[in-house]
Amino acid sequence: MNRPAIAMERPLTKHIHPDREPLSLQEYERVGGYQAVRKALLELSPEVVVTLVKDSNLRGRGGAGFNTGLKWSFVPMGPDVPRPKYLVANADEMEPGTFKDRLLLEGNPHQLIEGMILASYAIGADISYVFLRWAYKKAAQGIVKAIQEAYNAGYLGQNILGTGFSLEMHLHTGVGRYMCGEETALLNALEGKRAMPRAKPPFPQVSGLYGKPTIVNNVETLCCLPHIVNHGAEWFKGLSRTQDAGTKIYGVSGKVKRPGAWELPMGVTIRELVEEYAGGMLDGYKFKGALPGGASTDFLVEQHLDTPMDYTSIAAAGSRMGTGTMIILDDQTCPVGFVHNLQHFFAQESCGFCTPCREGLPWVEKVLLSIDRGEGRPEDMNILDFHTKYLGPGNTFCALAPGAMEPLQSALKYFREDFERHIHDHQCPWK
């Protein structure tokens, strides 16, 4: 976690140190840990917690950017609601180029657990799960240890802090499917079924895990909650430079001098991330473009470098904030090969439920491969243009294929000459 020494509030990462083990429960308590749980359970009603989070304008950090408190408000409350209710932390983090949640999971698992307790209390959940990416072995060890410490301290289990509120928590390790980024596919996987999305409605807030009311939140989203409860909605909004509240863990990967992840005020610009925090491009390389929020977002190019990295500004520039973890394309990397690599991944990860995704993504991948090999035809450009529309929003069962089309459609927009040069010259200029 390389970062310049600039004074600013970093509530999510201030107790994460790469050169030491994560805080034990006692150490976490000494720096204020679980005070938010005590405050919420002993002083605040669930309704007040929901309103507090809604007023903070905490937007989901997993990619969708939906208001977290508003999402919670759709969960039915009251004595006649089906039980048990569930809270699931999506820690699968399978988006290529994304590693922000790993930092939080490995660095401070008690922060996540505290956030999950608060979210569960707000929606009245009885059982919670951490749905963890299979490859995060170190994180799994830390989470298991932290959950047991929380049980031993009375923060989990029956009648927590003598309030009558009870919560069970379990770790579930996935098997590595990108589809589990879609919350209903994740719930199917958690039930032991194939990871395929469900029809909506009904939405998970009403009928989710095992047909019961369920909320799925991202790890970074949940880690914000203790700080919002402790310091208030206005404090959280004041951390940001823009209307999208809080801090954000941004990441940069690619041919830069200091690839890494940094917690920064929401709204830092792309230029600041690349030039100041990532140290600029490696010597001999120039910036050509960036996927601002992981593999399933549209390219932004040099004209967008001064765009604030927040949900509203990135959308206005023609892309999505996504996870806020940026993949850099440099001038010495072939954009056709770059996009082909992404489409190969998406084609592999399709669940196969709907025809456009199942058949379209492999076709796109094969066309890009032929262009990259110098075997492309002029009509291949029309085939790619066709797929960006017919695999777009509204034509597939979930967002996997539309997300896959975002880097392709924007590459065709900004780097079309590179594609056409491959076809005209019958070879890749970068090979």
Side-chain angles (χ1 to χ4, degrees), residues 12 46-47 49-77 85-95 98 100-101 112 115-116 118-120 122-123 125 131 179-187 197-209 213-225 227-228 233 236-237 239-240 242-250 266-267 292-294 296-298 308-316 319-325 393-394 397-400 402-403 406:
L12 302 183
E47 294 78 12
V49 176
V50 171
T51 300
L52 176 63
V53 174
K54 188 188 302 183
D55 291 345
S56 75
N57 196 26
L58 170 63
R59 299 180 65 168
R61 304 307 203 227
F66 194 75
N67 183 288
T68 303
L70 184 60
K71 182 177 182 177
W72 292 355
S73 70
F74 300 142
V75 176
M77 304 292 283
K85 292 185 190 177
Y86 295 96
L87 183 282
V88 182
N90 186 350
D92 201 45
E93 196 161 55
M94 285 288 290
E95 180 76 16
T98 299
K100 67 182 183 65
D101 292 338
L112 171 64
M116 292 177 67
L118 291 166
S120 298
I123 67 169
F131 190 100
M179 268 307 308
C180 291
E182 202 282 336
E183 62 181 4
T184 63
L186 180 151
L187 296 177
R198 301 175 182 177
K200 294 183 284 190
F203 292 91
Q205 293 95 321
V206 176
S207 179
L209 189 62
T214 305
I215 283 289
V216 181
N217 282 142
N218 170 258
V219 168
E220 186 182 356
T221 307
L222 291 163
C223 287
C224 290
L225 299 177
H227 310 289
I228 293 171
F236 187 72
K237 288 190 282 190
L239 297 176
S240 170
T242 69
Q243 63 188 16
D244 295 331
T247 59
K248 178 77 185 72
I249 298 181
Y250 296 105
M266 182 75 79
S296 61
T297 57
D298 285 270
M309 280 284 286
D310 63 54
Y311 299 96
T312 306
S313 302
I314 294 296
S319 187
R320 291 188 302 112
M321 171 79 152
T323 60
T325 45
F397 195 63
C398 80
L400 188 149
E406 291 189 23

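For Asp101 against Asn218, the heavy-atom pair with the smallest separation is OD2-ND2, 2.8 Å. For Ala119 against Trp72, the heavy-atom pair with the smallest separation is CB-CZ2, 3.6 Å. Nearest approach of Gly267 to Tyr250, heavy atoms of both residues: N-OH, 3.1 Å. For the residue pair Pro76 and Pro213, the shortest heavy atom distance occurs at CG-CG, 4.1 Å. Scanning both residues, Phe131 and Cys180, for their nearest heavy atoms gives CZ-SG, 3.9 Å. Pro46 approaches Ala122 most closely through the heavy-atom pair CB-O, 3.6 Å.
Thr297 places a side-chain N or O within donor-acceptor distance of the main-chain N or O of Gly294, the cut-off being under 3.5 Å. Asp92 places no side-chain N or O within 3.5 Å of a backbone atom of Met94 that could act as its donor or acceptor partner. Glu182 contributes no side-chain N or O that, together with a main-chain N or O of Ala399, makes up a donor-acceptor pair within less than 3.5 Å. Side-chain atoms of Lys71 come within 3.5 Å of backbone N or O of Val216 as a donor-acceptor pair. Checking side-chain atoms of Lys100 against main-chain N and O of Glu93 turns up no donor-acceptor pair under 3.5 Å.
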- Item | Derivation and outcome, side chain to side chain contact (heavy atoms under 4.5 Å, CB included), residues Arg61 and Cys223 | CA-CA 10 Å; Arg61 304 307 203 227; Cys223 287; over 6 Å; no
- Query: Do Leu239 and Met266 pass the side chain to side chain contact (heavy atoms under 4.5 Å, CB included) test, and can you show the C-alpha distance, the side-chain angles, and the key distance before you say yes or no?
  - Reply: CA-CA 7 Å; Leu239 297 176; Met266 182 75 79; over 6 Å; no
- Report the C-alpha distance between Glu95 and Ser296 in whole Å, list the side-chain angles of each, state the deciding distance to 0.1 Å, and finish with yes or no for side chain to side chain contact (heavy atoms under 4.5 Å, CB included). CA-CA 8 Å; Glu95 180 76 16; Ser296 61; 2.9 Å; yes
- Message: Met179 vs Leu400, test: side chain to side chain contact (heavy atoms under 4.5 Å, CB included). Steps then yes/no.
- Response: CA-CA 7 Å; Met179 268 307 308; Leu400 188 149; 3.4 Å; yes
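Looking at Gln243 and Tyr311, their side chains never come closer than 4.5 Å, going by heavy atoms from C-beta outward. At least one side-chain heavy atom of Ile314 sits under 4.5 Å from a side-chain heavy atom of Met309. Proximity of Pro204 to Arg198: side-chain heavy atoms (C-beta onward) are nowhere separated by under 4.5 Å. Thr312 has its side chain out of reach of Thr242: every pair of non-hydrogen atoms, C-beta onward, lies at least 4.5 Å apart.
Note that CE of Met116 is 5.5 Å distant from CG of Leu87, once rounded to the nearest 0.5 Å. Atoms CG and CG, on Leu58 and Asp244 in that order, are 11.0 Å from each other to the nearest 0.5 Å. A distance of 10.5 Å separates CG of Leu70 from CG of Asn57, quoted to the nearest 0.5 Å. Here the CG atom belonging to Leu225 is positioned 7.0 Å from the OG1 atom belonging to Thr68, to the nearest 0.5 angstrom. To the nearest 0.5 Å, atoms NZ (Lys200) and CD (Gln205) are separated by 8.5 Å. Residue Asn217 holds its CG atom at 8.0 Å from CD1 of Ile123, rounded to the nearest 0.5 Å.
Ionic pairing of Lys248 and Glu220 is present here: one or more N-O contacts between side-chain nitrogen and carboxylate oxygen are shorter than 4.0 angstrom.
One side chain, Thr98 or Thr323, offers a donor N or O that lies under 3.5 Å from an acceptor on the other.
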